[in-house]
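Heads up: the structure comes next, in structure tokens.
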Amino acid sequence: NNYPNPFNPSTQINFELIESGKISIDIFNIKGKRVDRIIDNEWYVSGAHSIAYHPSRIASGNYFYRLKTRDRDLVKKLVYIK
């Protein structure tokens, strides 16, 4: 999950990996269009992680982030208020 939510100017996306591997985290608008990429297929070791997200290219509104691993896709809602 991310905290705080809603957020301005940044939020922390917290996640835990059961096993090491490559991950991607993308931001999508409510129409399903990718509007930002936080992590692009980077290697992370198993365990707890926290990624700071500072949006610079999106307007205020409702969005979704997708954390993708080799075996899973996790989608959560986030709200950005400028």
Side-chain angles (χ1 to χ4, degrees):
N1 291 327
N2 68 299
Y3 181 82
N5 193 18
F7 69 96
N8 179 2
S10 66
T11 189
Q12 293 290 127
I13 297 174
N14 304 303
F15 59 94
E16 188 167 343
L17 299 175
I18 296 170
E19 59 184 37
S20 300
K22 291 185 177 183
I23 70 163
S24 295
I25 300 178
D26 295 309
I27 306 295
F28 295 87
N29 65 18
I30 59 173
K31 294 181 179 180
K33 180 183 176 188
R34 188 180 78 205
V35 295
D36 208 351
R37 174 166 278 166
I38 301 172
I39 297 173
D40 185 14
N41 206 32
E42 294 178 23
W43 183 267
Y44 277 77
V45 297
S46 61
H49 299 275
S50 184
I51 304 296
Y53 176 51
H54 308 273
S56 61
R57 297 175 278 200
I58 64 173
S60 293
N62 296 309
Y63 294 89
F64 298 92
Y65 69 88
R66 180 179 74 176
L67 187 149
K68 184 175 181 177
T69 68
R70 184 185 74 198
D71 299 325
R72 294 181 170 233
D73 272 337
L74 175 68
V75 176
K76 296 285 186 173
K77 184 178 179 180
L78 53 83
V79 180
Y80 179 49
I81 301 172
K82 273 192 176 179

Exercise. Does CD1 belonging to I81 count more than 12 external heavy atoms closer than 6.0 Å?
Worked result: yes
For this session: Answer with yes or no whether the hydrophobic clustering places I58 together with I51; edges join I, L, V, M, F, W, Y residues whose side-chain heavy atoms lie under 4.5 Å apart.
Result: yes
Problem set entry | Sub-6.0 Å ring centroid separation between Y80 and F7 | yes
Seminar exercise, completed: side chain to side chain contact (heavy atoms under 4.5 Å, CB included) test vs K22 passes for just one of I39, N41, T69, namely N41
For this session: Please examine the side chains of V35 and R57, heavy atoms only from C-beta on, and report whether any two atoms are closer than 4.5 Å.
Result: no
Exercise. Out of curiosity, I23 CD1 to E42 CD, how far, rounded to the nearest 0.5 Å?
Worked result: 7.5 Å
Problem set entry | ILVMFWY cluster, F28 and V79 together (side-chain gap under 4.5 Å) | no
Exercise. Say you draw a straight line from CG of L17 to NE2 of H49; how long is it, rounded to the nearest 0.5 Å?
Worked result: 4.5 Å
Exercise. Looking only at heavy atoms, what is the nearest atom pair of K77 and N5, with distance?
Worked result: O-ND2, 3.1 Å
For this session: Flag yes if I18 and L67 sit in one hydrophobic cluster, no otherwise; membership is Ile, Leu, Val, Met, Phe, Trp, Tyr, and two members link when side-chain heavy atoms are under 4.5 Å apart.
Result: no
Problem set entry | OH-CD distance between Y3 and Q12, expressed to the nearest 0.5 angstrom | 11.5 Å
Problem set entry | Atom pair OH/CG of Y65 and N1 - distance to nearest 0.5 Å | 5.0 Å
Exercise. Closest approach of S20 and S46, non-hydrogen atoms and distance?
Worked result: OG-N, 2.9 Å
For this session: Could you check E19 against R70 for side chain to side chain contact (heavy atoms under 4.5 Å, CB included), going step by step and ending with a plain yes or no?
Result: CA-CA 10 Å; E19 59 184 37; R70 184 185 74 198; 3.0 Å; yes
Exercise. Quick one: are P4 and T11 in side-chain contact, heavy atoms under 4.5 Å?
Worked result: yes
Problem set entry | Inter-residue atom distance I27.CD1 - Y53.OH, 0.5 Å rounding | 4.5 Å
Exercise. Atom CG in D36, atom CG in D26: separation rounded to 0.5 Å?
Worked result: 8.5 Å
Exercise. Of the non-hydrogen atoms in N8 and K82, which two are nearest, and what is the gap between them?
Worked result: ND2-C, 3.4 Å
Exercise. Heavy-atom count around R72 CZ within 6.0 Å, excluding the residue itself: above 12?
Worked result: no
